[in-house]
Amino acid sequence: MATRNLLEFDLDALSAYCEERGEKRFRAVQLFRWIHQRGAAEFAQMSDLARGLRDKLALEAHVAAPPVQGEQVSDDGTTKWLFDVGGGNAIEAVYIPEADRGTLCVSSQAGCAVGCRFCSTGHQGFSRNLTTAEIVGQLWFAEHELRRRLAPPASERAGARAVAARVIDNVVMMGMGEPLQNYAALLPALRTMLDDHGYGLSRRRVTVSTSGVVPMIDRLRDDCPVALAVSLHAPDDALRDQLVPLNRKYPLAELLDACVRYLDAAPRDFITFEYCMLDRVNDSPDHARALVRLVRDRVACKFNLIPFNPFPQSGLKRSPRERITAFADVLQGAGLVTTIRRTRGDDIAAACGQLAGEVRDRTRVGQRLRRGTIALVPAAPTPR
Ligand code: SAH
Ligand code: SF4
């Protein structure tokens, strides 16, 4: 008989699961803390749970992340794990250590159906949504694996029961997949990340990044407002239609209105707009000026310019440094806070948009992109 993976449950769902077995909510809290705060996978080690409950759980349930199929560590310490999610599919998560924080970039789908022209995941096509257990499992595994590696030797610890310090305090849903096209599994995962009995992450330090699934931006605002990043990549519908095909369904005007509505509940008072810098496609000063006209006085925002990370078959190039800086200058000159993202882990293909994993494409998106039938017409070069 298949047993339940308890990583599937947020605290409310785990409480319901325990209640069905005649256990009070505080038992679920204890169990949840063992799993997420201490990284326990064996019910036998959960010493403050009654033996009867432990025995029952051992028969009916388990706690497991997807099996790790590979690990790569970059020169800068960035670590990428490949998780086997069955059926020939593998997904990736990336840990990015920084001086003041530890970030985990988490995947939400095996592949992605949006099919953005400049994204390696998009080129893979789409296989399936990840389950909540597979989403949370990436954090559960990475957090406790890193704690074990970084923990001081037992002799220096306060006691055998001491809980090691948290390693990951920032989660970005920027791995493989479009999180808002897997909303049902995403929501309990976010709740577990935020729960004080779980990972206790601040809402400001959990970021959902979306290519612009308008109705789900509204749902997220109502259900679980966390920091929101929107992948813009173009200042007008004609170009965005080509770069982010979802724009044909939810054009810029609707997307920006959804961003304004989101700000009513957002934990930050701005939306982060991501903009992938593609050489001679979307990176001219004219594009920057059009972007200023699009967003200024309309939505409180910051810009994050991502130098395009190339991958085989993309046929696109990264904008040269001086063109990125000139672009940033136009935005900044207009009063829009703009940062240029530092590329991390590109030596192990762990940088933004390079995550490919292994995906059994069930759609034609990847195929069409590979054949080049989803064409990208580069914008006419503008004078510099
Ligand atoms: N599907 C979501 C989240 C995953 S992608 C989204 O699109 O927002 C995370 C970010 O990486 C997005 O802003 C995406 O546009 C960007 N990205 C994708 N491919 C890239 C590439 N090759 N180089 C740089 N950034 C890329
Ligand atoms: Fe999907 Fe995001 Fe990649 Fe677009 S950029 S294909 S939405 S993962």
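Computed from a predicted structure; not experimentally measured. Whatever order the structure lists them in is the order used to number ligands and atoms, beginning at 1. Counting from 1, the numbers follow the sequence of the chain as shown.
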Student: Is it true that a side-chain atom of Ser107 and a backbone atom of Gln109 form a donor plus acceptor pair closer than 3.5 Å?
Tutor: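 No, Ser107 side chain to Gln109 backbone: no donor-acceptor pair under 3.5 Å.
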Student: Counting the benzene-type ring for Trp, do Phe303 and Phe273 have ring centres under 6.0 Å apart?
Tutor: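 That pair passes the under 6.0 Å test.
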Student: Taking non-hydrogen atoms only, is Cys276 closer than 4.0 angstrom to ligand 1 via side chain, backbone, both or neither?
Tutor: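 Side chain only; the backbone of Cys276 stays clear of ligand 1.
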Student: Could you check whether the rings of Phe327 and Tyr275 sit parallel, tilted or perpendicular, using 30° and 60° as the cut-offs?
Tutor: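 Aromatic pair Phe327/Tyr275 classed tilted.
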Student: As an exercise, identify every atom of ligand 2 less than 4.0 angstrom from a heavy atom of Ser211.
Tutor: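 It comes down to these atoms of ligand 2: 7 (S).
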Student: Go through ligand 1 atom by atom and flag the ones less than 4.0 Å from a non-hydrogen atom of Ile306.
Tutor: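 Listed by number with element, the hits are 13 (O), 24 (C), 25 (N).
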Student: Check this for me, if you would: do Asp218 and Arg261 make a salt bridge, where the nitrogen-to-carboxylate-oxygen distance has to be below 4.0 angstrom?
Tutor: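 Counted as a salt bridge, because a side-chain N and a carboxylate O are separated by less than 4.0 Å.
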Student: Could you check atom 21 (C) of ligand 1 against the protein and tell me its nearest heavy-atom contact, residue, atom and distance included?
Tutor: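 Minimum-distance protein heavy atom for atom 21 (C) of ligand 1 reads Cys352 O, 3.3 Å.
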Student: Got a salt bridge between Glu143 and Arg147, using NZ or NE/NH1/NH2 to carboxylate O under 4.0 Å?
Tutor: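 Salt bridge flag = yes for Arg147 with Glu143.
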Student: Any N/O/S atom of Cys116 sitting less than 2.8 Å from atom 4 (Fe) of ligand 2, backbone or side chain?
Tutor: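 True for Cys116.
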Student: Has Asn89 got a side-chain atom pairing as donor or acceptor with Arg360's backbone, closer than 3.5 angstrom?
Tutor: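 Answer holds: yes.
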Student: Ser15 pairs by side chain to side chain donor-acceptor pair (under 3.5 Å) with which of Lys24, Arg25, Arg27, Glu23?
Tutor: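 Testing each of Lys24, Arg25, Arg27, Glu23 against Ser15, the sole residue satisfying side chain to side chain donor-acceptor pair (under 3.5 Å) is Arg25.
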Student: Quick check on contacts: which atoms of ligand 1 are under 4.0 angstrom from a heavy atom of Thr210?
Tutor: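 Per the distance check, 6 (C), 8 (O).
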Student: Could you check atom 3 (Fe) of ligand 2 against the protein and tell me its nearest heavy-atom contact, residue, atom and distance included?
Tutor: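 Result for atom 3 (Fe) of ligand 2: Cys119 SG, 2.3 Å.
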Student: Are the side chain of Ser231 and the backbone of Ala229 linked by a donor-acceptor contact shorter than 3.5 Å?
Tutor: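 No.
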Student: May I ask you to list the atoms of ligand 1 that are less than 4.0 angstrom from any heavy atom of Gly175?
Tutor: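 Contacts of ligand 1 toward Gly175, numbered from 1: 4 (C).
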Student: Ignoring hydrogens, just give me the one of Glu274, Met174, His233, Gln181 whose non-hydrogen atom is nearest atom 15 (O) of ligand 1.
Tutor: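 Answer by nearest heavy atom: His233.
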Student: Measure the distances from the heavy atoms of Gly115 to every atom of ligand 2 and state whether one is below 4.0 angstrom.
Tutor: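 Within the 4.0 Å threshold, so yes.
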Student: Starting from atom 2 (Fe) of ligand 2, which protein heavy atom do you reach first, and at what distance in Å?
Tutor: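 Going atom by atom, the protein heavy atom closest to atom 2 (Fe) of ligand 2 ends up being Gly177 O, 4.4 Å.
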Student: Quick check on contacts: which atoms of ligand 1 are under 4.0 angstrom from a heavy atom of Gly177?
Tutor: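 The list of qualifying atoms is 1 (N), 2 (C), 3 (C), 4 (C).
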Student: In terms of atom number and element, which parts of ligand 1 are under 4.0 angstrom from non-hydrogen atoms of Asn309?
Tutor: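 It comes down to these atoms of ligand 1: 21 (C), 22 (N), 23 (N), 24 (C).
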Student: I need the atoms of ligand 1 closer than 4.0 Å to a non-hydrogen atom of Met173, numbered in the order shown.
Tutor: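 The list of qualifying atoms is 3 (C).
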